[in-house]
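Structure record follows, encoded as structure tokens.
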Amino acid sequence: MTTLPHPELFVRWFRQAAPYVHAFRGRTFVIGFGGEMVAERARFANFVHDLNLLAALGIRLVLVHGARTQIEAELRAKGLRSRYARGLRITDSASLTAVKHAAGVLRVEIEALLSQGLPNSPMAGGAIRVGSGNYLIARPIGVVDGVDYQFTGAVRKVEAAAIARRLDTGEIVLVPHIGYSPTGEVFNLAWEDVAESVAVALKADKLLLLSDRLPANRRGEPLHEMTAREAEALLKANPEPRDLARILRCALRALAGGVGRAHIVSRRSDGATLLELFTHSGVGTMITADPVEQLRPARIEDAGGIIALIEPLEADGTLVKRNRERLEQEIGNFEVVVHDGVVVGCAALYPYPESKSAEFACLAVSPDYRGSDYGERLLGACEARAKALRIRRVFALTTRAQHWFLDQGFREAGVDALPGERKALYNWKRGSKVFLKRI
């Protein structure tokens with residue numbers, strides 16, 4: 001039996017992942033990757049293990065693969081040269097033969113890996129069934145700027161109903177980079193475009209695109225979250241390498257077509273797909289149509305998230321333990337920061353109208369976001385609410401955050417500065433410091 005070196009960290013992560021497990025069950029994810037991913041056997045085997053886990057959690061998976069690496073190898077073996085224009089392969093008759101062969105071999109290899117089920121392996125008991133077929137109707141790209149792309153095509157239609165039927169039976173659906181015309185012709189398609197088209201046709205909840213690199217700012221630092229508008233501005237102001245730019249544009253078109261979220265994930269990082277999906281901060285780049293973060297008044301459905309935030313602080317004595325039923329009754333006093341549907345910060349304002357004062361209380365921020373400005377923003381939201389109520393001063397009681405309140409413009413005061421009804425509830429044994437701020 002293997003002992004975990006830090007079991008408490010595993011338990012903490014597992015608990016934090018629970019909201020995502022609930023949220024993703026029954027959702028449709030389209031995951032696209034190139035042939036170079038499959039060529040790296042050990043890394044791809046680990047990726048398949050991660051797919052097995054996603055399927056076990058009840059996520060409806062559609063996999064879209066490319067085969068550029070395999071096609072290149074096939075052509076080199078025959079002494080043929082690849083030709084490209086505008087980043088797309090010009091697929092002549094000889095290249096089309098290599099495309100067909102590569103697509104067939106990859107389909108068999110991917111299905112074989114997904115079919116594993118050896119005891120004492122991550123695939124044990126998986127019993128994954130894979131569905132593949134002619135789900136794409138394609139058209140030729142034709143002649144563009146004087147270049148005839150021949151058998152290179154574009155997606156004309158996705159047979160979404162046929163894919164959905166396979167998903168409904170619990171299968172993982174495999175969609176290759178091959179499309180067919182009504183006249184029986186075969187076309188080579190870009191896997192990025194296929195993944196985008198399939199995600200839009202299915203109205204997928206997420207589109208994940210595996211890439212060699214992530215979008216970065218001017219300092220070269222990866223960008224882990226972007227809105228569609230920010231991604232468009234990035235493409236205009238700082239043109240990305242051609243392969244990443246193609247992926248970004250596919251992600252933006254998918255969002256415009258109704259896909260819920262688009263994620264660009266590094267194919268080189270082991271477990272990156274799981275880390276991107278099941279951790280608050282992620283490791284890839286999530287692109288959303290609208291901002292992923294909200295600061296807003298709390299709603300009753302946020303009560304569970306607030307309790308999860310404050311319980312550790314109650315346990316170590318930072319916060320006074322609150323009655324859960326009363327917390328739900330007072331939910332209207334709370335402001336929350338919600339990140340991708342998860343409550344990561346909260347604070348409450350309790351007014352005392354007769355004394356024109358209010359208590360700022362129950363400030364808590366998730367450990368994953370302690371370096372952010374969420375505390376300051378929550379205080380600002382509570383102060384704005386206080387001003388709307390014509391409150392003249394805000395006070396707070398704390399045993400451990402004295403310096404933070406001083407930094408926010410509070411000054412230390414005595415217990416006598418509290419409103420009479422709040423002073424009557426003061427816990428002398430706890431000995432909290434009182435801080436006061438006029439607004």
Side-chain angles (χ1 to χ4, degrees), residues 30 32-36 62 64-76 78-107 132-163 174-202 204 207 209 211 232 235-236 239-259 262:
V30 176
F33 50 90
E36 63 276 6
V62 180
V64 175
H65 72 84
R68 289 173 191 159
T69 299
Q70 291 76 10
I71 295 168
E72 293 290 335
E74 181 96 5
L75 291 174
R76 281 196 302 271
K78 294 180 178 179
L80 300 174
R81 183 173 60 89
S82 295
R83 291 190 298 147
Y84 289 87
R86 299 173 60 172
L88 288 175
R89 181 186 302 278
I90 298 171
T91 310
D92 56 20
S93 297
S95 298
L96 184 61
T97 300
V99 167
K100 293 176 181 178
H101 182 259
V105 169
L106 281 185
R107 173 181 172 177
S132 187
N134 57 337
Y135 301 122
L136 304 176
I137 297 175
R139 61 173 177 80
I141 288 179
V143 179
V144 180
D145 295 333
V147 177
D148 186 354
Y149 285 86
Q150 301 182 55
F151 293 101
T152 299
V155 178
R156 179 179 172 187
K157 181 183 178 183
V158 176
E159 297 289 357
I163 295 175
L174 183 63
V175 181
H177 58 101
I178 298 290
Y180 307 90
S181 74
T183 58
E185 291 180 295
V186 178
F187 291 99
N188 180 33
L189 312 174
W191 69 264
E192 302 94 333
D193 297 334
V194 173
E196 168 207 329
S197 299
V198 170
V200 170
L202 293 173
L207 168 63
L209 300 168
S211 172
E232 289 169 354
L235 283 170
K236 291 179 182 178
E240 299 288 343
R242 187 187 295 273
D243 55 346
L244 181 57
R246 174 184 291 279
I247 286 175
L248 267 174
R249 292 191 180 98
C250 287
L252 290 173
R253 288 193 297 266
L255 290 172
V259 174

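Every value quoted in this text rests on a predicted model; they were computed, and no experiment measured them.
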Might you work through the side chain to side chain contact (heavy atoms under 4.5 Å, CB included) test for R253 and D193, ending with a clear yes or no? CA-CA 10 Å; R253 288 193 297 266; D193 297 334; 3.6 Å; yes

Shortest non-hydrogen contact from [X] to [Y]?
X	Y	result
V64	A195	CG1-N, 3.8 Å
A102	A67	CB-CB, 4.1 Å
V30	A199	CG2-CA, 3.8 Å
P176	L136	O-CD1, 3.7 Å
A160	A201	CB-O, 3.7 Å
V155	S197	CB-OG, 3.7 Å

Are [X] and [Y] side-chain neighbours, meaning at least one heavy-atom pair lies under 4.5 Å?
X	Y	answer
I178	N134	no
F151	S93	yes
L75	R81	no
R86	V144	yes
L209	R246	no
S95	I90	no
S211	L244	yes
V175	V194	yes

Could R68 and E192 be called an ion pair, given the rule that one side-chain N must be under 4.0 Å from one carboxylate O?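 The answer is yes: the pair qualifies as a salt bridge.
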
Pair E74 + K78, salt bridge at N-O below 4.0 Å: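 Yes.
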
More than 12 heavy atoms of other groups within 6.0 Å of R156 CZ: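 Result for CZ/R156: open.
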
Can you name the salt bridge (charged side-chain N to carboxylate O under 4.0 Å, His left out) partners of [X], sequence neighbours left out?
X	answer
K100	none
R107	E111
R76	none
E36	none

I need the L248 CG to L235 CG distance, nearest 0.5 Å.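 Answer for the CG-CG pair, L248 versus L235, is 5.0 Å.
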
The test is side chain to side chain contact (heavy atoms under 4.5 Å, CB included); show your working for L106 and H65 and say whether it passes. CA-CA 9 Å; L106 281 185; H65 72 84; 3.8 Å; yes

Side-chain atoms of residues 182-189: list all donor-acceptor pairs with protein atoms under 3.5 Å, sequence neighbours left out, distances to 0.1 Å.
unit_1	atom_1	unit_2	atom_2	d
T183	OG1	S181	OG	2.8
N188	OD1	H177	ND1	3.1
N188	ND2	T91	OG1	3.3

R83: side-chain hydrogen bond (donor to acceptor under 3.5 Å, both in side chains) partners, not counting sequence neighbours: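 For R83 there are no side-chain hydrogen bond (donor to acceptor under 3.5 Å, both in side chains) partners, ignoring immediate neighbours.
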
Whether Y149 side chain and A85 backbone form a donor-acceptor pair below 3.5 Å: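 At least one qualifying donor-acceptor pair exists.
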
Indicate whether the side chain of R89 and that of S82 have a donor and an acceptor atom separated by less than 3.5 Å.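 On atom types as modelled, these side chains qualify, holding a pair under 3.5 Å.
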
